[in-house]
Structure formats: structure tokens, C-alpha cells
> 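For reference, the structure I am asking about is given below.
Throughout, protein chains are lettered first and strands after them, A, B, ... in sequence-line order, and every chain is numbered starting at 1.
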Protein chains: 2
Amino acid sequence: MDQTQLPGAEVYVTLTTIREVVDAMKRLVVRGAPALGCAAAYAMALELPPTDNVAAWLTQLKKNACALEAARPTAVNLGVGVRLQLELGHGLAASGQGSPATWTKQLVQIAQAFHFADQESCLALSEHAQGLLHNGVSVLTHCNAGALATGGIGTALGPLHLAHSRGVKLHVYADETRPLRQGTRLTAWELARHGIAVSVLPDSAAATLLAQGKVDLVFVGSDRIAANGDVANKLGTYPLAVLAQKHGIPFYVLAPGTTIDPACPNGSCIPIEQRDAAELYDSASQPEGVDVFNPAFDITPAELVSAIITEQGLFQPHGPHQGLWLDYVNSFKA
Amino acid sequence: MDQTQLPGAEVYVTLTTIREVVDAMKRLVVRGAPALGCAAAYAMALELPPTDNVAAWLTQLKKNACALEAARPTAVNLGVGVRLQLELGHGLAASGQGSPATWTKQLVQIAQAFHFADQESCLALSEHAQGLLHNGVSVLTHCNAGALATGGIGTALGPLHLAHSRGVKLHVYADETRPLRQGTRLTAWELARHGIAVSVLPDSAAATLLAQGKVDLVFVGSDRIAANGDVANKLGTYPLAVLAQKHGIPFYVLAPGTTIDPACPNGSCIPIEQRDAAELYDSASQPEGVDVFNPAFDITPAELVSAIITEQGLFQPHGPHQGLWLDYVNSFKA
């Protein structure tokens, strides 16, 4: 689904070249860290030559990997999907068994398995979060970490979909999420379409809701989680975490394990994508001599996160249970 | 100047009826608490019958007052400009001297004096703030509290214009200020046009700048200040104040004395205007079943304000110097 056209139109696009996939990722036709991972895993099987020339097949596979990894720098899942396929491709070629044509088919099967695993992760982490969602609960979220952003029912929105399907009454407050308005365009559309009560608000109004005691919990997704539990997520997540702490409201990050980057010791190592000035100005109206600061993501330090919820359960990267988190992070190094 | 058309076009409008003025205020053609006060003071002299019928003259004056006061509820200056003229009108009528035609002329003269006083206030408070602005200082601001929002050089932006005119090198970070983008449209235009270096950012990016140590001071205006020093200002001011405190950055509110409402004991008494859902959605794309929370202003508690700077100097409504502030507030009760 072309997410740039939501909520006005539901248009499905078929992408058949790497260039098309990269362009779709850059323009946020497809977006959301887990969805980028799935899309990248599938895309790795594109344009691979069907001949028996092993060298040409491997060369194209590497080209695909480079182009896809460069599409967007922050979401770690994208790289996970790419490198999984790259390693598999090299393994198949080294095995001497089968041919490039059968290997390409195997890459597609692995992409499907990767996609299926993301679906399962969404369900499992959503199940782990159910204990937080009582009848009448009010949840604030930022950006879109829903079905549109993943291969399944979503990360931050997954538990809400699951609870709603079981009859739990929820109210969701969705930040607009400037500059690309994923909250008003995507989250509101996704939740309203499933019958979940949703109010949208300018990002700056979240502070007023928190001050008025109208929010019970904050749920956000993540694009990359450092080994110490620092969280990169859509710009606006960090101020929300500061405000949640100020008002004593629990702040949860929901993400599959693929979002964890054990090679990244803390948030300062996470590359932050700078986006175009045109997202704040249509080029016609940008006054001369005005500079634009438009990072796509920000870093929320681990100490502001009540818990990180993955398919393996709730983890507290800060405080007395830090050891359990570090063991979990280390399990991804294998 | 029609501020809804900035920065694309500089269009001046002439308003000759109360209905036109009220419409211009509601649509934010004219906006900013001090500018609303000036516009209202001038508008009070519109549509007054030139005949010698005193009762008809007073009836129209009251009609004008009611319509103007209802245009926008939060800015206290609007009501100050209106009531000043209403009292003056009643005084003139009671005096028995002159005629409705001469009284109308006197109202215009008072409006000019009120406008001139606002210019003087802007200059005086800007002078009081100069000690904060050293060479190379970096100031973050929200919304537009500049020349466009006042009868003079501005409140939050006034000191920056003044310092720049004296050769002080400044860098200004201007929040976009959703939903109506007064920062990108108005503040950036106003500063760039005067040669002041300005960067714009999504409101949510201010937290990143503060965390990176790129901001020395925060300067904002106000639409109404309660007797205890709680500040109503454009939505997004309160989260900025929380973030400034978290990062140890001084947070200043700059406003003329007319912005103080001694009748309002604290922020909870300040009426907050709710604006239209269409500001977040063009009506075409609002998904069905989605609610919109769109307050125009928020309340910053006095304890988050380093100082309030008026034409009378710097006041600290919270802490050991509270008495000086309360004396100052009481001076407006006379």
C-alpha cells in the first residue's frame, strides 16, 4: 500500500526493480522499521540473473544489498533483512548445490519466513503487553507503529488491536507527527478502520493531555535500540518521554528483537537521517536565507523508558533488572 | 498585513466594518496578543453613527465591544483595548461635552496612543533583555511574538531585532508551531528579512537541539499571564518549558504589562480557545470516526519560567523575588 496516499486513497503498488524499491523506501511509500526489513528481504531476490553464471548472480546480490542498505540509515531491521539474504546467498553459492535460479527461489522463501517471523513477533509482543491494558485505558502514541509499519498487526499498535479484538475498551490519542503526519494520516486511519476510538492532536498538545491526566500509558515503536537500551524512534519521541516522566506516566517502547542493534553501545552511535527542507516548506514559500533542521529521528535515553516490550517479554534496560536486558541483547550477538 | 498569506505574498488589507475585523481576527489575518489589542482599540471606532443621537452611538459602541471581545477568548490584550475604549466612550457621553462625531475622533486618537504605548513597551522590554544577549548567542523561540504580533518591534523577537541592530551576532531557532505554522511562515520571514540568521525546525526537534546543547536561551511571548505568573501562550510553549528546565536552559517570557490579567489568580482560570479540526486535516482527508484535540494555547506554570520580562523589567514570579512580582501585578488592579 502506498502510504503517501493515505488516508485519501488506498493504492497498492507492485515494485519489480531495486531502484523502485529504494525510491519507495526513500519517499516513505513503505515505511516503519519492521516493514522496511520485510520489504528489503523480499527485494533482495529482485533482478538476480536467471542464468547459471554464479559470479554474476553474487555480484547482483551484493549490488542489491548496497542499494537497499543505503536507502534509509536509521532502521536497523532493514540491514538485518538485507544481510540475512546476503549471507544465505553466499552460503548457497558456496554449497555448490542447486543453481542461481533455485537459489533465487530460496531467497524468496526466506523472505516469506522473515515476514512470517515478524508477524509472530508482533503477536507475541502484543500478548506480553496485554496486562497493561485494562478496560477504559487511554493510550498516547506517536508516529505509526501499526500494521502499516510492520509485517503483522504492529508493535506499538499491536497490543491495542489485540485488546480491542478481545472486547477491551480503549481510547487512543495519536500525535500528528510532523512533518510527514504519520499519526493523522496513518495511525488514525488504521485505528478508526478497526473501530478503535482515536483522537488526533498536534504533537505539542500531548503535554496538555499529560498535564490534564488524560493519558494512562505511552506506547511507541522504535527504529533501532542500542545495547544499553537507548531508543531511536521518530522525531518527537524523546520530548514525549521527558513529559511522560514529568507527569509520572509509564512510557513503553514496543519492538521486535530485530530492532535491537547489539553492535551499537548507546544512542550516540545511531545514525540519524536528516530529511529534506521541503518537508517543512513547499519549495514555493521557503523564505530566502532560512535554514531547516529536520532530523527524522531522535534518541530517548534508556532511563526514560519504563520497559522495552519485545516478543520475549518486558525488559527494563535501566535499574535493578538491567542484567536480564543485557543477557537478552547479548543473545543477538551469536 | 494579511498574515495568512505570508511568506508567499505581502498583502495589506483595509478593514472597515466590525464584521471584517472579527473575521480577520478569527482567521488569524491579524494575530498576536498585543497586535489584537491595538486592532481592537482601533476597531472600536468603526461603525459609530455620525449623528447626534447619543443613545445610538453608545449602543453601537457596546455592540462593537461584544463582537470584538468574542472574536478570540485567550488574549487578554484584546479585552484591554476594547474596555479602555468602552469606558472612554461612556465617559465622553457622560461629560456632556462635544458630540458623537468628536467622540469618535477621540476614540481614534486613543487607539493611536494605545498603539504607540505598545511600541514603547516593546522597545522598553527589549532593552531590559539586552543583558541576556551576548555575541554568538543562540535563542530558541516558538510561534511568532515579533513585529507581526505587536504594534512595535515585538516581544520575544523585540530584543533580537534590537541586539541585531546594534551588531550583536545571533542565531535564532524557530519552532514551526503547528498547526498554523507561525514559526516557519512568520518568524522565519520576519527575521530573515532583517538579516538575522534563522533555522526552522519541527516543534518536536526542539528537544534534540536542547539535548545537543545548541540553545542558550528560550524566548517566548504570551497571550495572558495570571496573577501568580502562570503563562498562557501558543500551544507547544509548556512542553518547551519542561524541556528547557530538564536541560538547564533559561526560559524567558516577554510581554507587555497589558498581557497580565490580575483578575485571574492562576493558569487554570485562563480560557483556552479550541480551534477547528480542519487545521489538522484538510476536510477532504479526515478519516471518519477520528476526533481532533486542537487547543490553540497551553499553560506554563510559573515555576518553569526563569523570568517574565515586561517594559518594567525582569520579574521572577516564583521564588524569593515573588513579592516584587505580586506588587507589580497589583499595580494593574488600580
> Quick check: do Phe293(A) and Leu209(B) have side-chain heavy atoms less than 4.5 Å from each other?
yes
> Give the member of Pro7(B), Gly289(B), Gly195(B) that has the highest number of heavy-atom pairs under 4.5 Å with chain A.
Pro7(B)
> Side chain from CB out, backbone as N, CA, C, O: work out which of these in Glu279(B) comes under 4.5 Å of a heavy atom of chain A, or both, or neither.
neither
> What do you reckon, is CD of Glu288(A) surrounded by more than 12 foreign heavy atoms closer than 6.0 Å?
no
> Given heavy-atom pairs under 4.5 angstrom as the criterion, report whether the side chain, backbone, both or neither of Pro295(B) touches chain A.
side chain
> What part of Arg193(B) gets closer than 4.5 Å to chain A, counting heavy atoms only: side chain, backbone, both or neither?
neither
> Atom CG of Asp175(A) and atom CG of Asp203(B): how far apart are they, to the nearest 0.5 Å?
11.0 Å
> Heavy-atom distance under 4.5 Å to chain B: side chain of Glu190(A), backbone, both or neither?
neither
> Look at Thr177(A), Ile299(A), Leu240(A), Thr208(A) and state which one has the largest set of heavy-atom pairs under 4.5 Å with chain B.
Thr208(A)
> In Å and rounded to the nearest 0.5 Å, what is the OG to NE2 distance from Ser204(B) to His142(A)?
5.0 Å
> Just jot down the ring pair (Phe, Tyr, Trp, His ring centres under 6.0 Å) partners of His161(A), sequence neighbours excluded, or say none.
His194(A)
> With a 4.5 angstrom heavy-atom cut-off, is it the side chain or the backbone of Ala211(B) that approaches chain A, or both, or neither?
side chain
> For Tyr173(A), what residues pass the ring pair (Phe, Tyr, Trp, His ring centres under 6.0 Å) criterion, not counting sequence neighbours?
His171(A)
> Would you indicate whether the side-chain heavy atoms of Pro202(B) and Leu280(A) approach each other to under 4.5 Å?
yes
> What is the distance from atom CG of Asn294(B) to atom CG of Leu201(A), rounded to the nearest 0.5 Å?
9.0 Å
> Go through Ala277(A), Gly236(A), Ala205(A) and name the one with the most non-hydrogen pairs under 4.5 angstrom from chain B.
Ala205(A)
> Report yes if the side chains of Val198(A) and Val290(B) come closer than 4.5 Å at any heavy-atom pair, otherwise no.
yes
> Is there a donor-acceptor pair closer than 3.5 Å between any side-chain N or O of Tyr238(A) and the backbone N or O of Ala207(B)?
no
> Can you confirm whether Tyr281(A) sits close enough to Val200(B) that some side-chain heavy atom of one is under 4.5 Å from a side-chain heavy atom of the other?
yes
> Do you know which of Asp298(B), Val242(B), Val292(B), Thr184(B) has the most heavy-atom pairs under 4.5 Å to chain A?
Thr184(B)
> Find the distance between CD (Gln245(B)) and NZ (Lys246(A)) and round it off to the nearest 0.5 Å.
5.5 Å
